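A short worksheet on the structure shown next.
Worth saying up front: this structure is predicted, and the values here are computed from it rather than measured.
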Amino acid sequence: MQMIYALIIPFLLGLSVFLIVYKKPPLYLALAAAYPIGIGILAFIMFLLGLAGIPLNLINISVAGWGVIVVFSVFIIIGRRGFESSPSFQFRPIDFLLLLLIGAKVAYVLLEAMIKPVFTWDAWSRYAAAAKYIFFDHSFRTPVFARTMEDYPPLVIFNQAWILFCEGYWNDIAIKIISPLLFLSLLVIFYYGLRRFQERTTSLLFTFLLSTLPFIVFHATTAYLDLPMTFYYTAGTIFLLLFLKDKNPQDLLVSAIFLGLGIWTKRAGIYLAGIDSIVLLGYLAIENREKLWDTLQYFIILALIGLPWVVYNKLVAVSHYYTVGDLAAVNPDSFSRLPDLLGAFADKMFHSANWHLAWALFLIALVFFFRNIKKEKAALLAIIVLNLLALIYTFMFTGSYQFLLDGTLFNRVMMYMVPITVFFVGLLAFKD
């Protein structure tokens, strides 16, 4: 019962916000978007309570959470929001098989995550530890929390603490539920986005491919921040692409929400949101200038969500990594790293077991379907290329170079862009 309660409040928070922003969504999409958005809202509630000096505990967070749910529900009732009526269709045997395989992978991830406590180093020594400090001290404004967190964003940590409050005791297994649920939401939103371009079987096939990528599956069973960051960036990018396709402002608003919550998840969320925003402005400036005004709401939402943590972090964090000054300090001697860097990139992308066919399919799609890369597909390709260039720049000119060579970081930061790379292949592989 404690776990159900820990999930129901963020689920209702996210569902109500999604129904306010997105008119008549399919039921399965609303259910998939609810929990990821809800844990973002819950983190924001805990952040505001903590800043106000209100102790973080089960009662205070619950009262605030239910209050927000009631307010949002009023807006839903007044606006007569609801779900899209389900169309009648028939599944082919291959569709049932793909759904069964995807479901089996989700079941495996959930089981693997929930049979053992936090075991990976950063998750154990930093994120879970910080959540426990909140659980015991009822505040994140303590010296021990600041030393542990440094300048890491707190979305996942706040929600781990919330689960501990609901459990009532120190439970290293329960806090791992977040990543499996985000893994499921990732697959559903990936399918929904691809289904807007392709027929059902193709969409299910590439969703199945995504569900089998070994590195993503592994991280879905851990308490690292990288799977949540991968979810928020993938979801934000997919909805951005849907806006470019159909010019529906609600897709752009949902994109801003997901990208904004990514800023609360990892430091990389800032530059990832920046890449998508640059491509958005460039695309609209070339293809559809009259829609440039729609981006005003996008940037307002992105700022309202992201800036509170960015400002607080700048003022309070005891240390900062990968600052603008660090990234801008280009040492000409670093260009000598390029051969080793490109070799490491090629080895990790094509010769390891982490991504199996993903990057090979990407190259094949570029070669054989290059003429299909038009409009929003070109925008998605630009996002992928900018992501790769950003990684090359960071590993070449900053201290991250050592982590590229020892293999501890590269796959984790590349994971953010891999789902949209698979999505890109799915767009090109068959005719629309």
Side-chain angles (χ1 to χ4, degrees), residues 13-26 29-30 32-34 36-45 47-48 68-69 71-84 153 155 185 189 192-193 196 231-265 269-311 375-376 379-380 382-383 386 420:
L13 284 169
L15 182 63
S16 57
V17 167
F18 191 74
L19 290 178
I20 290 172
V21 175
Y22 212 90
K23 297 179 181 178
K24 299 292 182 181
L29 175 65
I37 294 176
I39 62 173
I41 299 171
L42 187 64
F44 206 84
I45 289 173
F47 179 69
L48 294 178
V68 174
I69 290 171
V71 172
F72 287 163
S73 298
V74 171
F75 283 102
I76 293 174
I77 295 172
I78 293 175
R80 297 182 178 180
R81 303 289 181 154
F83 303 105
E84 177 185 74
L155 186 149
S185 293
I189 291 177
Y192 170 77
R196 293 266 292 265
F231 167 81
Y232 285 115
Y233 184 56
T234 300
T237 303
I238 287 175
F239 277 98
L240 179 67
L241 189 70
L242 295 179
F243 169 74
L244 299 182
K245 175 181 181 288
D246 296 328
K247 308 302 183 294
N248 191 333
Q250 66 183 8
D251 289 320
L252 190 60
L253 298 183
V254 173
S255 174
I257 291 173
F258 282 129
L259 292 176
L261 293 179
I263 296 174
W264 279 75
T265 305
I270 297 176
Y271 86 79
L272 292 171
I275 287 174
D276 280 29
S277 300
I278 291 171
V279 173
L280 169 65
L281 291 176
Y283 179 90
L284 293 180
I286 296 172
E287 292 284 343
N288 205 325
R289 294 184 181 180
E290 62 270 17
K291 285 293 181 178
L292 278 172
W293 286 106
D294 287 339
T295 62
L296 181 61
Q297 287 181 306
Y298 165 88
F299 282 106
I300 290 175
I301 291 176
L302 197 58
L304 288 176
I305 296 175
L307 279 180
W309 171 251
V310 171
V311 173
K375 295 187 176 181
E376 64 273 358
L380 184 57
I383 289 174
L386 287 176
I420 63 172

Measuring from [X]:[atom1] to [Y]:[atom2], what's the distance to the nearest 0.5 Å?
{"X": "L19", "Y": "K24", "atom1": "CG", "atom2": "NZ", "value": "9.5 Å"}
{"X": "D276", "Y": "F239", "atom1": "CG", "atom2": "CZ", "value": "13.5 Å"}
{"X": "I238", "Y": "I420", "atom1": "CD1", "atom2": "CD1", "value": "8.5 Å"}
{"X": "T237", "Y": "I275", "atom1": "OG1", "atom2": "CD1", "value": "9.0 Å"}
{"X": "L240", "Y": "L380", "atom1": "CG", "atom2": "CG", "value": "9.0 Å"}
{"X": "Y22", "Y": "N248", "atom1": "OH", "atom2": "CG", "value": "6.0 Å"}

Non-hydrogen side-chain atoms of [X] and [Y] separated by less than 4.5 Å:
{"X": "T265", "Y": "Y233", "value": "no"}
{"X": "F44", "Y": "P308", "value": "yes"}
{"X": "S277", "Y": "Y298", "value": "yes"}
{"X": "L280", "Y": "L244", "value": "yes"}

Under 3.5 Å, is there a donor-acceptor pair between the side chain of [X] and the main chain of [Y]?
{"X": "W309", "Y": "F47", "result": "no"}
{"X": "T234", "Y": "F231", "result": "no"}
{"X": "Q297", "Y": "L253", "result": "no"}
{"X": "S73", "Y": "I69", "result": "yes"}

Minimum heavy-atom distance [X]-[Y], with the two atoms named:
{"X": "P153", "Y": "W264", "value": "CB-O, 3.0 Å"}
{"X": "L15", "Y": "A34", "value": "N-CB, 3.6 Å"}
{"X": "L252", "Y": "T295", "value": "CD2-CA, 4.0 Å"}
{"X": "P36", "Y": "S185", "value": "CG-OG, 3.6 Å"}
{"X": "G40", "Y": "L261", "value": "CA-CD2, 3.7 Å"}
{"X": "L13", "Y": "V68", "value": "CD2-CG1, 3.6 Å"}

Fill in: Intermediate values then yes/no, side-chain contact (heavy atoms from CB on, under 4.5 Å), I257 and F18
CA-CA 10 Å; I257 291 173; F18 191 74; over 6 Å; no
Practice prompt. Could I get the full list of ring pair (Phe, Tyr, Trp, His ring centres under 6.0 Å) partners for F72, not counting sequence neighbours?
Written response: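 Applying ring pair (Phe, Tyr, Trp, His ring centres under 6.0 Å) to F72 gives none.
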Item to complete: Answer yes when D246 and R196 have at least one side-chain N-carboxylate O distance shorter than 4.0 Å, and no when they do not.
Response: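 Salt bridge present between D246 and R196.
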Item to complete: Please lay out, stage by stage, how E376 and F243 fare under the test side-chain contact (heavy atoms from CB on, under 4.5 Å).
Response: CA-CA 9 Å; E376 64 273 358; F243 169 74; over 6 Å; no
Practice prompt. Please step through side-chain contact (heavy atoms from CB on, under 4.5 Å) for the pair I383 and L241, ending with a clear verdict.
Written response: CA-CA 10 Å; I383 289 174; L241 189 70; over 6 Å; no
Discussion item. Walk me through whether I263 and L259 qualify under side-chain contact (heavy atoms from CB on, under 4.5 Å).
Written reply: CA-CA 7 Å; I263 296 174; L259 292 176; over 6 Å; no
